[in-house]
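We use all heavy atoms of the structure for the numbers below, so side chains are in, but hydrogens, waters and symmetry mates are not.
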Amino acid sequence: MQSSGLPTVFAVIEDEIDLNALLARITLVSTGAAAIFTGMVRGETKRGEERQTEYLEYEAYIPMAEEKMRQVADEIRAQWSAVEGIAIVQRIGMLYPKTPTVLIACTAAHRDTGVFEAARYGIDRLKEIVPIWKKEVSPDGGFWIEGEYAPKAGE
Amino acid sequence: MQSSGLPTVFAVIEDEIDLNALLARITLVSTGAAAIFTGMVRGETKRGEERQTEYLEYEAYIPMAEEKMRQVADEIRAQWSAVEGIAIVQRIGMLYPKTPTVLIACTAAHRDTGVFEAARYGIDRLKEIVPIWKKEVSPDGGFWIEGEYAPKAGE
Amino acid sequence: MNRVKLLFFAALRERMGTRTLDLDLPAGLTVHGLKARFLDEYPEMSESMKSVLIAVNREYASDETLIPLNAEIGLFPPVSGG
Amino acid sequence: MNRVKLLFFAALRERMGTRTLDLDLPAGLTVHGLKARFLDEYPEMSESMKSVLIAVNREYASDETLIPLNAEIGLFPPVSGG
């Protein structure tokens with residue numbers, strides 16, 4: 001998959017996610033629109049069994065995670081050819097409620113080019129194939145959250 | 001339209017749009033997802049007649065613009081009841097290529113609650129009813145960009 | 001009489017050469033009547049007024065909207081923010 | 001012989017009590033064979049291995065995947081990032 005010099009940022013980081021800086025890195029002179037998704041630690045969850053979260057502990061298989069982020073970016077470009085820049089960033093470590101943990105951003109010349117769908121695809125796909133895990137720690141103890149997706153060989 | 005204490009940020013500003021700070025302002029302890037749209041000044045436009053832009057000059061009818069932003073937020077809440085926080089910010093003044101000019105952000109507990117669609121609706125609606133205009137200035141001169149939407153009385 | 005304040009924006013502001021204009025109107029005038037009166041005084045604005053949007057006290061108005069006392073009336077082209 | 005490096009993550013890492021384990025395998029072994037051999041040595045891991053994902057040199061593998069020489073083999077639960 002050629003990305004023809006378009007900016008692609010992918011990283012597993014321990015510091016704060018800086019939306020302003022990441023957006024600037026994927027903005028070209030031809031860019032007019034960006035769709036950005038961020039996830040954050042929920043301190044109170046109401047869907048399913050109601051629960052409180054003290055913090056989440058994130059862990060990644062870093063080199064593989066970064067390769068899979070690159071793959072997600074390639075898949076986005078293959079589906080939405082108008083996308084210009086892509087940023088995919090996961091923060092790891094101990095993260096407290098309200099803290100942004102993940103960012104997917106896609107830029108394009110115009111907003112009707114699929115940038116919203118591309119960002120949505122990016123976060124869905126990250127949650128399927130990028131090797132990152134979170135342990136939920138509450139006043140009652142901790143448990144690892146397990147995903148539901150089983151990637152095929154070579155996926 | 002009741003907003004029941006949920007955070008709604010709407011503003012016409014002259015300073016830089018700070019995505020990190022705005023996201024923090026609309027993140028509750030129950031928030032797990034945010035969809036953010038930003039528009040930026042395109043220096044090169046290829047759609048339609050190709051053109052270069054030196055800068056855009058934005059002007060707003062500020063008190064009415066802020067009232068209409070509040071209305072857009074109310075319309076979003078009426079359609080997507082899961083939305084928690086909303087930020088709608090337009091920067092005005094002389095803005096150069098690559099500069100973010102507008103931000104629409106919606107937060108919710110989960111990403112499958114319509115946050116992406118809500119943010120998309122927000123920017124579409126802002127471009128219909130919020131009284132802001134831009135003048136495009138190029139090496140050849142300047143012209144006011146005129147929208148296509150005619151709001152109905154009371155809209 | 002009804003003293004109203006007109007506010008011009010964007011291309012209309014540039015063409016008028018001013019941001020605001022105070023105007024004395026007869027009571028009971030509609031937006032339609034205001035437009036006619038305004039064009040009588042400023043015929044050079046007729047081109048700009050073809051696509052004009054009018055807000056009365058910061059709400060979009062139609063030609064039939066009655067102009068309240070001391071109204072703030074915005075005149076501007078279709079919006080193009082973002 | 002084929003010396004491979006196993007890397008454990010998340011719940012598997014915690015249950016193993018280590019992040020890495022070097023293992024000598026016969027040449028020509030598949031992922032299926034590796035799993036059997038690993039469970040022979042670590043039967044206490046059988047519960048964790050039921051939903052395990054296996055990456056060989058950072059690519060998702062199936063039971064039929066052949067294990068190359070000196071491979072880096074990741075063992076982990078279905079991912080849950082974001």
Inset, instruction - Side chain from CB out, backbone as N, CA, C, O: work out which of these in A:Glu146 comes under 4.5 Å of a heavy atom of chain D, or both, or neither. - result: both
Inset, instruction - Evaluate the side-chain proximity of A:Glu14 to A:Ile92: yes if any heavy-atom separation is below 4.5 Å, no if none is. - result: yes
Legend entry - Under 4.5 Å from any heavy atom of chain D - which part of A:Tyr149: backbone
Legend entry - Positive for side-chain contact (heavy atoms from CB on, under 4.5 Å) with A:Met69, one of A:Ile88, A:Val89, A:Ile86: A:Ile88
Legend entry - Heavy-atom contact with chain D under 4.5 Å, split by part of A:Glu128: backbone
Inset, instruction - Please flag which part of A:Ala65 lies under 4.5 Å from any non-hydrogen atom of chain D: side chain, backbone, both or neither. - result: neither
Legend entry - Atom pair CG (D:Asn57) and CG (D:Asn70), whose distance is rounded to the nearest 0.5 Å: 9.0 Å
Legend entry - Heavy-atom proximity to chain D below 4.5 Å, by part of A:Ile129: both
Legend entry - Largest heavy-atom contact set with chain D, pairs under 4.5 Å, which of A:Lys152, A:Gln71, A:Lys68: A:Lys68
Inset, instruction - Could you look at D:Ala61 and say if it's the side chain, the backbone, both or neither that has a heavy atom under 4.5 Å from chain A? - result: backbone
Legend entry - A:Glu16 atom CD, over 12 foreign heavy atoms within 6.0 Å: no
Inset, instruction - Please report the closest heavy-atom contact between D:Tyr60 and D:Leu53, naming both atoms and the distance. - result: CE2-CD1, 4.1 Å
Inset, instruction - Please work out which of the three classes, parallel, tilted or perpendicular, describes the rings of D:Phe76 and A:Trp133, given edges at 30° and 60°. - result: tilted
Legend entry - Part of A:Lys134 within contact of chain D (heavy atom distance under 4.5 Å): both
Legend entry - Residue selection (most heavy-atom pairs with chain A, distance under 4.5 Å) from D:Ala11, D:Gly74, D:Ser51: D:Ala11
Legend entry - Region of D:Glu14 that comes under 4.5 Å of a non-hydrogen atom in chain A: side chain
Inset, instruction - Indicate yes or no: does D:Arg58 engage D:Glu72 in a salt bridge with an N to O separation below 4.0 Å. - result: yes
